[in-house]
Protein chains: 2
Amino acid sequence: MGGDDALLPVEPVFLKSLRDHVYGLVRDAILAGRLKGGEKLNERHLASQLGISTTPLKEALRVLESEGLVRSEPRRGIYITFNAGQAEEMMLARAALESMIARQAAKRVKDEDVALMRALIVEMRAGLETVDVLQLIALNERFHNVIHEASGCSYLRRLQGGQNIYTHAARLSVLSEERERFLAVEEHEAIANAIAAREPDLAERLMRDHVIRSGEKHLLRV
Amino acid sequence: MGGDDALLPVEPVFLKSLRDHVYGLVRDAILAGRLKGGEKLNERHLASQLGISTTPLKEALRVLESEGLVRSEPRRGIYITFNAGQAEEMMLARAALESMIARQAAKRVKDEDVALMRALIVEMRAGLETVDVLQLIALNERFHNVIHEASGCSYLRRLQGGQNIYTHAARLSVLSEERERFLAVEEHEAIANAIAAREPDLAERLMRDHVIRSGEKHLLRV
DNA sequence: TCGGAGAAATTGATATATCAAGTTTCAGAT
DNA sequence: ATCTGAAACTTGATATATCAATTTCTCCGA
């Protein structure tokens, strides 16, 4: 079992429910590698370590299990199942879902959404000069959000969100490369053009390739 | 809140854990429409109705929430969020993930997998004559399973499995149409050929179109 | 009649106790 | 020395009790 410092007790700061808080803590610990694949978790031990009872922890672990990050064997224990291979598959899942969202967006996009996308592209180009990586990350997210909104696919969006496993550090690292920043803007512009032209097939393909190419860069940083 | 007959008490047949059993019961009730969108669930009431305590029920509800079928509002209640729109999006999610799996399969497929696929196609063609719908359903599943195995993508497969919402009745109904049976075999053969030819782009596109076309037929039966 | 303050009821959130399946340990026979 | 099996221990599964936020109801005053 992992060292007792892999997870620290929860502070009495109840921003949200304990179970949600704990869910985030354990999920982050798994994705950051502080809890490694194959490691065994003990519900009671973990609960007391976190300073909570087992009830909210059980609920959090059940969610993590349904997401495929851990596997629960009845009366045996909970094992971390996340590994590098799964990280790559989660990236592929994100590519599949994000490209389906782009396809739907290309079918339903409104002119005002197109205007928003184009405005963001302009901002991104400007950001290439200033090299404010934090701002580029934010612009990146806003760009994808505009497409999500335009698609009207709330379920796909939610499912896609669950496949995000990149840390802030990885994002910073990737976008610190000048070539990556340039490529990202080029690809975003191509995607925006395909959606604006109402070409679902093209938008889907460009988005898939963008997520996979960019994703492979991120996976290297882990 | 739903009528007291929407869900019946669990039998003392513990094939699996109570939480898994209850999870299946509630999920089926939602997908079958016995628990309708917008309906409010009461944890205590539902637990006593099922003859169990709230602990396993809470865990089951948390999983359903992470799947997006219900939404839990702290200290307010649990509301069914599933509706026709989400059903369509789940079909699209299945198309996106299944087509990504087909893409990976086309990259990694082994000759023995190809042989398996071709054998199943032959069986399907034969099945067209005998019109044994149950057997066709089974062949259908085996065909998709071969592709899943060939892809080596266990996570994508699992995620895709969570998007299956068609009832057995809907499957029966759809495959009872002669034209649908014919189309399905044709599409399966085209997919098999694309994978055998190691053409990821083609396999992905064909699989996506197949799942969407067939899915829209299923959604009409609900 | 209307409206708001506050008490009562409701209900999910959390904690704790109990149950039962699985694992480990170790005495005792071969 | 090795194998067997029963007892002790672990641990997740389940049940129950308690807590606290929210809603609903009630009643008094304008």
Side-chain angles (χ1 to χ4, degrees), chain A residues 1-2 4 6-26 30 35 38-81, chain B residues 1-2 4 6-26 30 35 38-81:
Chain A
M1 207 171 301
D4 283 5
L7 285 171
L8 296 173
V10 301
E11 293 298 314
V13 189
F14 294 88
L15 298 166
K16 41 190 174 182
S17 66
L18 272 182
R19 69 152 181 267
D20 290 345
H21 194 224
V22 165
Y23 161 79
L25 283 180
V26 179
I30 294 174
L35 291 173
E39 215 165 304
K40 182 180 175 181
L41 297 181
N42 180 309
E43 286 191 358
R44 286 179 197 180
H45 183 249
L46 191 52
S48 73
Q49 184 182 337
L50 293 165
I52 63 174
S53 76
T54 60
T55 312
L57 176 61
K58 287 178 81 67
E59 295 182 52
L61 289 174
R62 242 25 81 208
V63 174
L64 291 168
E65 184 178 14
S66 91
E67 291 177 355
L69 294 180
V70 308
R71 184 168 42 84
S72 167
E73 295 189 14
R75 294 170 226 281
R76 303 282 294 268
I78 295 109
Y79 297 89
I80 312 285
T81 57
Chain B
M1 204 173 303
D4 284 9
L7 285 171
L8 297 173
V10 301
E11 293 297 314
V13 190
F14 292 88
L15 297 167
K16 41 189 176 183
S17 67
L18 272 181
R19 69 152 180 268
D20 290 344
H21 193 224
V22 165
Y23 161 79
L25 283 180
V26 179
I30 294 174
L35 292 173
E39 212 166 306
K40 183 179 175 182
L41 297 181
N42 179 309
E43 286 191 357
R44 285 178 198 182
H45 184 249
L46 190 52
S48 72
Q49 184 181 337
L50 293 165
I52 63 175
S53 78
T54 61
T55 312
L57 175 61
K58 286 177 82 69
E59 296 181 53
L61 289 174
R62 242 26 81 208
V63 174
L64 291 169
E65 183 178 15
S66 90
E67 292 177 354
L69 294 181
V70 308
R71 184 167 43 84
S72 166
E73 296 189 14
R75 292 170 229 279
R76 302 283 294 269
I78 295 109
Y79 297 88
I80 311 285
T81 57

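Convention: sequence-line order gives letters A, B, ...; per-chain numbering from 1.
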If I take atom [atom1] in residue [X] and atom [atom2] in nucleotide [N], what distance separates them, rounded to the nearest angstrom?
X: Leu18(A); N: dA20(D); atom1: CG; atom2: P; result: 12 Å
X: Lys40(B); N: dT22(D); atom1: NZ; atom2: C1'; result: 9 Å
X: Leu46(B); N: dT11(C); atom1: CG; atom2: P; result: 13 Å
X: Ile52(A); N: dA13(C); atom1: CD1; atom2: C1'; result: 12 Å
X: Glu43(A); N: dT14(C); atom1: CD; atom2: C1'; result: 15 Å
X: His21(A); N: dT14(C); atom1: NE2; atom2: P; result: 12 Å
X: Tyr79(B); N: dG12(C); atom1: OH; atom2: C1'; result: 11 Å

Exercise. With sequence neighbours excluded, what pairs up with Ser66(B) under the side-chain hydrogen bond (donor to acceptor under 3.5 Å, both in side chains) test?
Worked result: Ser66(A)
Seminar exercise, completed: Arg19(A) and Ser72(B) have their tightest heavy-atom pair at NH2-OG, 3.4 Å
Seminar exercise, completed: Within residues 54-65 of chain A, those residues having any heavy atom closer than 4.0 Å to DNA chain D are Lys58(A), Arg62(A)
Seminar exercise, completed: Residue set satisfying salt bridge (Lys or Arg N to Asp or Glu O under 4.0 Å) with Arg62(A), at least two apart, ordered chain then number -> Glu43(A), Glu65(A), Glu59(B)
Seminar exercise, completed: Residues passing the salt bridge (Lys or Arg N to Asp or Glu O under 4.0 Å) test with Arg75(A), sequence neighbours excluded, are none
Exercise. Checking Thr81(A) side chain against Gly68(A) main chain: does a donor-acceptor pair fall under 3.5 Å?
Worked result: yes
For this session: With side-chain contact (heavy atoms from CB on, under 4.5 Å) as the test, would you mind laying out the steps for Leu64(B) and Glu67(B) before giving the verdict?
Result: CA-CA 5 Å; Leu64(B) 291 169; Glu67(B) 292 177 354; 4.0 Å; yes
Using a cut-off of under 3.5 Å, enumerate the N/O to N/O pairs linking the protein to nucleotides 19-22 of chain C.
from, atom 1, to, atom 2, distance (Å)
dA21(C), O4', Arg75(A), NE, 3.0
dG22(C), O3', Arg76(A), NE, 3.4

For this session: Compare side-chain N and O positions of Ser53(B) against OP1 and OP2 of dT14(D) and report whether any pair is under 4.0 Å apart.
Result: no
Exercise. Is any side-chain N or O of Asn42(B) closer than 4.0 Å to OP1 or OP2 of dG12(C)?
Worked result: yes
Problem set entry | Side-chain touch Leu41(B)/Leu35(B), heavy atoms, less than 4.5 angstrom | yes
Problem set entry | Worked check of side-chain contact (heavy atoms from CB on, under 4.5 Å) between Gln49(A) and Leu46(A) | CA-CA 5 Å; Gln49(A) 184 182 337; Leu46(A) 191 52; 4.2 Å; yes
For this session: Sequence neighbours left out, what passes side-chain contact (heavy atoms from CB on, under 4.5 Å) with Arg44(A)? Give chain and number order.
Result: Asn42(A), Thr54(A)
